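For reference, the structure discussed in these notes is given below.
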There are 2 protein chains.
Amino acid sequence: MSNDSQSKHDQKLVHVLKTSAAIFAEKGYHSTSIRDISRATKMSLAGLYYYFASKEELLFLIQDHCFSTVTMDCKRLIAGVEDPIQKLKLVVENHLNYFVKNMNEMKVLSHEANSITGDWFKKVNSKKRQYVDLVKNLLGEIARSQEVKGIDLRVATFSLFGMMNWIYNWYDPRKDADVTELARNITRIFLSGFLGSVLPEAAETGRESHLERPVSVWPQ
Amino acid sequence: MSNDSQSKHDQKLVHVLKTSAAIFAEKGYHSTSIRDISRATKMSLAGLYYYFASKEELLFLIQDHCFSTVTMDCKRLIAGVEDPIQKLKLVVENHLNYFVKNMNEMKVLSHEANSITGDWFKKVNSKKRQYVDLVKNLLGEIARSQEVKGIDLRVATFSLFGMMNWIYNWYDPRKDADVTELARNITRIFLSGFLGSVLPEAAETGRESHLERPVSVWPQ
DNA sequence: AATAACATCGAACACTCGTTCGAATTAATC
DNA sequence: GATTAATTCGAACGAGTGTTCGATGTTATT
């Protein structure tokens, strides 16, 4: 008897990955031991290694799967849409919705980006770059069509990602507004800021830096 | 013979803290061993413990010092300034300048916020809350005076911090514009987005969510 | 020069870590 | 029901961890 879509094996792997992601999200990758995962999954230490080859591969499986899905969903969502602004709104909405719905995995993706090394790092990073470029190009398109001036495209792109990816540090679904409202807020702040050449010139006074001298944490 | 401002002991402590911050920033707190720090400072393993009581206290010393300085500089900078918008600009400028000038320490502050526990965590966290509230209140002041509507203050505050704190993930002083330009970009994007009620209503179409169903990373 | 305080270190301890291996158990196939 | 394959596990290994301790060297004070 062969299963249709998902074998027993894959189902259990998914369960292991989901449980691990939750612990990684809570304690961090490096301070999570395989023994922690063993305890949470009620599997033996050695038994876990039937599902992944090493702790780092486990991290890779989580990150890779997560990135693949969010990118795929994103591309599918904006396919066919013409207006680049509309596209961007969909991208932000997708990203935030995905983030909130899969907070553990996304936190592992954001926070443990440098906990993975070697070829695994390369593979995840190339997917990341692909996703970032998609957004950057979208912003470029918008900038051209709306004649946005004086904003560095790289700064703008990472400012947007900063806004979106930072939420794992503060967003609490029980306390804060739902995702739709969150997406509306962030989209509006970013987009109207990115487009908005409208900051009153009066507020632009003091163009030079106000800092007398470079400040350093430690004396000398 | 007593030293005036900084004793020999404090100077060496500062050196240890700065070196440790650099390694923590590069490898992460949990995968940095005291032996790594021993190697980098050319001090013996046991010798280091003359300057701090435990690895976690070392992390605390870095974070606490960093937070104290940035908050103090910030308050000093905006003291006497009336216009809340002008104040905010100074806060952003100070934060980013500090971040870039002390990238290692600030990365440790941002990225290892949950690597510290117990009373140390409480102490650092209360300083953090103080700083965040300062910015939040400033935004509230601006919102009232400029009649900003429809933006959640909490979302706005953390969006700003997201933009600013995310830079350790991408900012490269050799590649990107200098801090003044960076601050100008980020201030403009955020402030004109926060104030800007000016997003054309045409672009506000599609108020309902475009996502057909909640998406989850893992099937089921 | 003797004393006290400061500073440094080698060597070890107790512990946790990721990983492996061979055997045992269960499920699938013939 | 026998054979093969898939899955699980207890027990251990070797390496690395944070931390301590007693001793030694160094500097400042009397």
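Predicted model only: the values in this text are computed from it and were never measured. So you know, we letter chains A, B, ... as the sequences are listed, proteins then strands, and number each from 1.
Listed pair K8(B) / dA28(D) fails the phosphate criterion, with no side-chain N or O lying under 4.0 Å from OP1 or OP2.
Summarising the geometry, the separation between OH on Y51(A) and C1' on dT7(D) is reported as 6 Å, rounded to the nearest angstrom. The interatomic distance linking L59(B) (CG) with dG18(D) (C1') rounds to 14 Å, in whole Å. The CG atom of L13(B) sits 11 Å away from the P atom of dA7(C) (whole-angstrom rounding). Atom CG of L48(B) is separated from atom P of dG10(C) by 12 Å (rounded to the nearest Å). Atoms NZ (K12(A)) and C1' (dT26(C)) sit 12 Å apart, rounded to a whole Å. Rounded to an integer number of Å, the gap from Y50(B) OH to dA5(C) P is 12 Å.
The salt bridge (Lys or Arg N to Asp or Glu O under 4.0 Å) contacts involving residues 26-41 of chain B comprise K27(B)-D36(B), D36(B)-R39(B), where partners must be two or more places apart or lie in separate chains.
Listed by chain and number, the residues in a salt bridge (Lys or Arg N to Asp or Glu O under 4.0 Å) with K55(A) amount to none (sequence neighbours excluded). Residues that satisfy the side-chain hydrogen bond (donor to acceptor under 3.5 Å, both in side chains) test with N104(A), not counting sequence neighbours, are absent from this structure. For E141(A), there are no side-chain hydrogen bond (donor to acceptor under 3.5 Å, both in side chains) partners, not counting sequence neighbours.
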Produce the list of close N/O pairs, under 3.5 Å, pairing protein atoms with atoms of nucleotides 13-20 of chain C; give distances to one decimal.
unit_1, atom_1, unit_2, atom_2, d
dG18(C), OP1, T32(A), O, 3.2
dG18(C), OP1, K55(A), NZ, 2.9
dG18(C), OP2, I34(A), N, 2.9
dG18(C), N7, R35(A), NH1, 2.9
dG18(C), O6, R35(A), NH2, 2.9
dT19(C), OP2, Y49(A), OH, 2.6
dT19(C), OP2, K55(A), N, 2.8

Which atom pairs, one a donor and one an acceptor, fall under 3.5 Å between side chains of residues 157-167 of chain A and the rest of the protein, sequence neighbours left out?
unit_1, atom_1, unit_2, atom_2, d
T157(A), OG1, L153(A), O, 2.7
S159(A), OG, V155(A), O, 2.7
N165(A), OD1, H95(A), NE2, 2.8

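Note: H65(B) and W218(A) have perpendicular aromatic rings, judged against thresholds of 30 and 60 degrees for the angle between ring planes.
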